[in-house]
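Working notes for the structure below.
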Amino acid sequence: MNYVIIGASAAGLAAAESIRKYDKESAVTVLTEEEYLPYSRPSISYYLKGKVKENDMPLRKSAYYKSQKIDIVTASKVTAVDTENKIVKAGRKNYFYDKLCFCTGSKPFVPPMENVSGKSNALTFLDIASAKQIKKLACNKTRAVVIGAGLIGMKAAEGLVKICKSVDVVELSPRVLPSILDEVSSKQVKKHLEENGIKFHLGNTVVKASSKGKEITAVTLKDGKKLACDLLVLAVGVRPCVDLAEKAGLEVDRGIITDYETMQTSDKDIYAAGDCCVSKDMLDGSKKIIALWPNAVQQGTAAGAQMAGRDLKTGGTYSVNAIDFFGLRICTCGLINAGGEPYSDQIKQDGSSYKRLVFEGDRLVGYVLINSSENAGIYTSLISNKISLDTLEKDIMETPSLFMFDKETRISKLRGGVNI
């Protein structure tokens with residue numbers, strides 16, 4: 001049996017390790033166009049800040065792959081997949097497969113802007129290569145502009161503010177971190193970020209750049225304001241990498257379509273996992289791209305097991321984030337922006353601490369926790385296990401660590417919950 005995996009990030013590595021767990025001898029080949037062995041993408045912001053060294057970023061030592069008989073082929077860009085003959089083409093090499101997994105991830109989305117494309121100081125922030133370029137350009141004289149106040153943009157801004165002369169963040173949404181924060185918590189986080197030196201231009205966007213040769217010198221915003229700019233970071237968002245899958249004839253609709261539990265695609269011998277896939281949110285049934293590391297690992301693990309003939313399934317997917325900015329701890333989970341029937345919420349705010357719980361009927365379906373994450377694991381367990389709040393004897397906002405349930409099975413579920 002020949003297993004081939006395209007992509008070597010969270011999903012790709014998880015798929016390879018899952019295959020090897022159940023199949024000790026067959027060939028496992030992982031192809032990546034990057035020059036690096038699988039590494040922690042979330043750590044690139046810490047690399048930018050100088051808190052993590054490049055040699056600390058790999059997820060496994062090179063000797064590990066040899067011992068596990070997992071062949072990681074770096075600098076190998078896949079150009080085509082021939083599903084009829086079961087061949088993956090990468091440069092001049094062909095890789096034959098019995099089972100194939102697309103773990104192609106996502107790519108930066110760059111909106112149309114005049115005079116930005118091709119400029120040497122306009123960079124994305126999604127991998128080691130881009131982080132190294134940014135770190136090389138940034139210094140105490142640099143006036144940096146970051147486009148995008150989502151997770152990627154804000155981690156870039158946090159890393160740059162300690163290095164650069166100034167950091168301006170431009171965001172089309174009227175609030176920061178719009179995908180993971182509600183309106184109230186977003187204001188609190190924005191204030192904290194401003195106190196640490198980041199300046200925001202919300203409800204705005206960059207429309208064009210001024211340049212000298214290949215370097216941008218300033219950017220003009222939609223409202224006409226002009227910002228001096230020595231470094232432009234493009235962090236608006238990401239889009240699934242689906243071109244290969246689409247050309248191979250797989251079903252694609254924004255992302256690769258799979259069976260949400262087994263990760264099998266429209267081709268019975270091809271699977272897909274991670275940011276390149278459409279996921280089904282287990283909380284509201286919506287179909288969306290959930291570009292998060294834990295989701296990619298879960299899907300890759302299930303896909304690898306299925307490829308090796310085991311009946312392991314994903315068990316459900318939803319959004320979970322745990323992140324900090326300048327010491328401010330933020331944990332969010334589930335349907336944080338749900339509104340109207342049948343949803344309700346409870347909010348508790350005390351100084352720098354903020355807690356918002358979102359309910360659908362008698363179940364917890366989401367939360368936003370700022371500087372109050374001590375019970376995040378229990379809340380996550382309540383959400384993932386769909387536990388009815390009618391069984392609780394204590395106040396969910398005040399004493400979740402003392403919750404008592406009328407069924408011993410419910411207690412065991414909580415104790416086996418996921419800690420963020």
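In this chain, residues are counted from 1 in sequence order.
- Taking K21 as the reference, nothing meets the side-chain contact (heavy atoms from CB on, under 4.5 Å) condition, with sequence neighbours excluded.
- With rounding to the nearest 0.5 Å, the separation of CG in N2 from OH in Y97 is 11.5 Å.
- We find the NZ-CD distance between K355 and E374 to be 6.0 Å, quoted to the nearest 0.5 Å.
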Atom pairs and distances, side-chain donor-acceptor, residues 226-241, under 3.5 Å, sequence neighbours left out:
residue, atom, partner, partner atom, Å
D230, OD1, R143, NH2, 3.1
D230, OD2, R143, N, 2.8
D230, OD2, R143, NE, 2.9

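- Sorted by first then second residue, the salt bridge (Lys or Arg N to Asp or Glu O under 4.0 Å) pairs that include residues 23-40, not counting sequence neighbours, are E25-K69, E33-K77, E34-R41.
- Residues satisfying the salt bridge (Lys or Arg N to Asp or Glu O under 4.0 Å) test with E246, not counting sequence neighbours, are none.
- The closest side-chain donor-acceptor pair between N115 and S211 falls under 3.5 angstrom.
- In this structure P174 satisfies the side-chain contact (heavy atoms from CB on, under 4.5 Å) test with no other residue, sequence neighbours excluded.
- For residues 283-307, the salt bridge (Lys or Arg N to Asp or Glu O under 4.0 Å) pairs, not counting sequence neighbours, are D281-K288.
- Looking only at side-chain heavy atoms (C-beta outward), L48 and S45 stay at 4.5 Å or farther from each other.
- Side-chain contact between I396 and F359 is present, with heavy atoms from C-beta onward closer than 4.5 Å.
- How far CD1 of I370 is from CZ of R329: 12.0 Å, rounded to the nearest 0.5 Å.
- Under the rule for a side-chain contact (heavy atoms from CB on, under 4.5 Å), the partners of P108 that lie at least two apart in sequence or sit in another chain are T124, L126.
- The shortest heavy-atom contact between S319 and L292 is CA-CD1, 3.7 Å.
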- Message: Could you walk me through whether V368 and L181 satisfy the side chain to side chain contact (heavy atoms under 4.5 Å, CB included) test, starting with their C-alpha distance in whole Å, then the side-chain angles of each, then the deciding distance to 0.1 Å, before giving a yes or no?
- Response: CA-CA 7 Å; V368 178; L181 295 178; 4.0 Å; yes

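- Residues forming a salt bridge (Lys or Arg N to Asp or Glu O under 4.0 Å) with E194 (at least two apart in sequence, or on another chain): K190.
- Take Q68 and apply the side-chain contact (heavy atoms from CB on, under 4.5 Å) test, not counting sequence neighbours, and it matches R20, Y64, I70.
- For the atom pair N295 CG and D275 CG, the distance stands at 8.0 Å (nearest 0.5 Å).
- Comment: E183 does not engage R175 in a salt bridge, judged by the lack of any side-chain N to carboxylate O separation of less than 4.0 angstrom.
- Figure legend: cation-pi geometry between K313 and Y260 absent, as NZ or CZ is not positioned both under 6.0 Å from the six-membered ring centre and within 45° of its axis.
- Two residues are said to be in side-chain contact when any heavy atoms from C-beta on lie closer than 4.5 Å; L151 and L177 meet this criterion.
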- Message: Could you walk me through whether K155 and E158 satisfy the salt bridge (charged side-chain N to carboxylate O under 4.0 Å, His left out) test, starting with their C-alpha distance in whole Å, then the side-chain angles of each, then the deciding distance to 0.1 Å, before giving a yes or no?
- Response: CA-CA 5 Å; K155 292 311 288 186; E158 183 191 29; 2.6 Å; yes

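- Sequence neighbours left out, the pairs with a member in residues 52-65 that pass salt bridge (Lys or Arg N to Asp or Glu O under 4.0 Å) are E17-R60, E54-K132.
- Taking both residues in full, the closest heavy atoms of G334 and Y318 are given as N-CD1, 4.5 Å, listed atom of the first, atom of the second, then distance.
- Side chain to side chain, T262 and Y271 fail the donor-acceptor criterion of an N or O pair below 3.5 Å.
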Please tabulate, for side-chain N and O atoms in residues 84-93, each donor-acceptor pair with protein atoms closer than 3.5 Å (sequence neighbours left out).
residue, atom, partner, partner atom, Å
N85, ND2, D82, OD2, 2.8
K86, NZ, D269, OD2, 2.7

- Item | side chain to side chain contact (heavy atoms under 4.5 Å, CB included) evaluation trace for Y36 with D127 | CA-CA 10 Å; Y36 308 93; D127 53 28; over 6 Å; no

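- Under 3.5 Å, the side chains of S279 and Q299 contain a donor-acceptor pair of N or O atoms.
- Pairs engaging residues 362-373 under the salt bridge (Lys or Arg N to Asp or Glu O under 4.0 Å) rule: E360-R363 [sequence neighbours left out].
- Under the 4.5 Å side-chain criterion, counting only non-hydrogen atoms from C-beta, Y95 is in contact with L31.
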